[in-house]
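Okay, so here's the structure we're looking at.
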2 protein chains.
Amino acid sequence: MPRARIKDPLLKLPGYVLRRASAAALAELNQRLARLDLRHADVAMLMLIESSPGITQSQAGHVLAIQRANMVPFVARLEGRGVLQRRQVDRRSQALDLTRRGRMLLVRARRVVAAHEAALLKRVPDRLRPMVLPILMALWNRDRP
Amino acid sequence: MPRARIKDPLLKLPGYVLRRASAAALAELNQRLARLDLRHADVAMLMLIESSPGITQSQAGHVLAIQRANMVPFVARLEGRGVLQRRQVDRRSQALDLTRRGRMLLVRARRVVAAHEAALLKRVPDRLRPMVLPILMALWNRDRP
DNA sequence: CACGATTGCTATACTATATAGCAGTTTAGC
DNA sequence: GCTAAACTGCTATATAGTATAGCAATCGTG
């Protein structure tokens, strides 16, 4: 006989469920991206640079909430991989651009991300689906784009 | 003149916003808990043990998604702090129980968590609020409790 | 022009999470 | 009952993500 089923007393706490949902989704996404040898943050960066070519390193860090210090090895890795290149915009700022290779990789990465996002949304009942993004944005406290 | 405002092209992706919202909420909670010298995982553990006294270490790890290997220093720290105690239930399993000190700390921690959760929900417009938990549970893929 | 703010960087540290393997123990199937 | 499989706690180790402090050079503004 299996021991009495343990109940998770935290399931009523939105903050807790938010964390668990995020962790699960992130792990899933990273697994999907593994075959492109990418992590979720890489794709976020590529998409951001594509959207704002020539964005500076510090601006990118600001948008993605990556600290200056952590941007250094992060960008260096992507540059070393040949998916982005840095360009001196003045004598302290580095502008970032996708390389041809980066753009091609991004095409594939975007497909993976799209599949992931679709899978996520599909778990939500139809009637609730339109509320997903507004609620997440509100929880993020980022209603103003 | 300020450079053209950079737009975050990821704001339409629920998975991305989920991650950002989770990270922001978690940082906020940990800050609130700092004055009790607790982290979010500590409180989760305390609440779980309170809800299921005598739960074994491995069961607790299973519910909270903490791996066996990582449970060891985690539980040791809480035990060293005198908020929980371990009890040998058979010759391999450790049952966990709150100490008196643990129960008293939990009372205060729960107030902090409640304030945090309330603050989270308050950011969501009234009409959407009832959908928060169902949506997060669905995204977690954990509809079945 | 001078001062404060910004940028990229190094070094470092801490948290969270993950894997592999081990010894002892319990459970389940035969 | 005995053996094989599964489980438990543990050590050791590795990686990812995040955080702080401080530095030198540079830029923007008053």
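Because only heavy atoms are used, hydrogens play no part in the values below, and waters and symmetry mates are left out as well, while side chains stay in. Worth saying up front: this structure is predicted, and the values here are computed from it rather than measured. Letters A, B, ... mirror the listed sequences (proteins, then strands); counts begin at 1.
- Here R39(A) reaches the OP1 or OP2 of dA16(D): one of its side-chain N or O atoms lies under 4.0 Å away.
- Within 4.0 Å (heavy atoms only), R91(A) reaches sugar-phosphate atoms of the nucleic acid but no base atom.
- The closest donor-acceptor contact from the side chain of D42(B) to the backbone of R39(B) lies under 3.5 Å.
- Rounded to a whole Å, the CD atom of Q57(A) is 17 Å from the P atom of dT6(C).
- As rounded to whole Å, 14 Å separates atom P of dC10(D) from atom CD1 of I66(B).
- We find that CG of D90(B) is positioned 14 Å from P of dC7(D), with the value rounded to whole Å.
- A close approach under 4.0 Å does not occur between any side-chain nitrogen or oxygen of Q94(B) and OP1 or OP2 of dG9(D).
- At a threshold of 4.5 Å between side-chain heavy atoms, the hydrophobic network of Ile, Leu, Val, Met, Phe, Trp and Tyr places L133(B) and V124(A) in one connected group.
- The nucleotide whose nearest atom lies closest to any side-chain atom of H40(B) is, among dG8(C), dG24(C), dA16(C), dA16(C).
- Using a 4.0 Å cut-off, some side-chain N or O of Q67(A) falls inside it from OP1 or OP2 of dA19(D).
- Closest to the R19(A) side chain, of the nucleotides dG8(C), dT17(C), dT20(D), is dT17(C).
- Which of dG8(C), dG9(D), dG24(C) sits closest to the side chain of V72(A) comes down to dG8(C).
- Among the protein residues, R86(A) comes within range of the sugar-phosphate backbone only, with heavy atoms under 4.0 Å from sugar or phosphate atoms but none that close to a base.
- Counting to the nearest Å, the P atom of dC14(C) and the CZ atom of F74(B) are 18 Å from each other.
- For the pair Q88(A) and dT7(C), the criterion of a side-chain N or O lying under 4.0 Å from OP1 or OP2 is not met.
- Residues E79(A) and Q85(A) bring no donor and acceptor atom of their side chains to less than 3.5 Å of each other.
- Proximity of S58(A) to the phosphate of dG8(C): a side-chain N or O atom is located under 4.0 Å from OP1 or OP2.
- A residue-by-residue look at A27(A) and N70(A) shows that N70(A) has its nearest nucleotide of DNA chain C further toward the 5' end.
- Using a 4.0 Å heavy-atom distance criterion, A41(A) is classed as making no nucleic acid contact.
- In this structure, the CD1 atom of I55(B) is 15 Å from the C1' atom of dG9(D), given to the nearest Å.
- Considering only the side chain of A69(A), dA11(C) comes nearest among dA18(C), dA11(C), dT27(C).
- The distance between atom CG of N30(A) and atom P of dT19(C), rounded to the nearest whole Å, is 13 Å.
- For R92(A) and dT7(C), a side-chain-to-base donor-acceptor distance below 3.5 Å is absent, hydrogens and geometry of angles not being considered.
- L26(B) places its CG atom 8 Å from the P atom of dA16(C), with the value rounded to the nearest Å.
- There is no path of hydrophobic side-chain contacts, each under 4.5 Å, that joins L26(A) to M137(B).
- Between V43(B) and the choices V112(B), L29(B), L38(B), the side-chain contact (heavy atoms from CB on, under 4.5 Å) rule is met once, by L38(B).
- Here H62(A) lies out of heavy-atom contact (under 4.0 Å) with every strand.
- The closest donor-acceptor contact from the side chain of T99(B) to the backbone of V83(B) lies under 3.5 Å.
- Atom CD in E79(B) sits about 13 Å away from atom P in dG9(D), given to the nearest Å.
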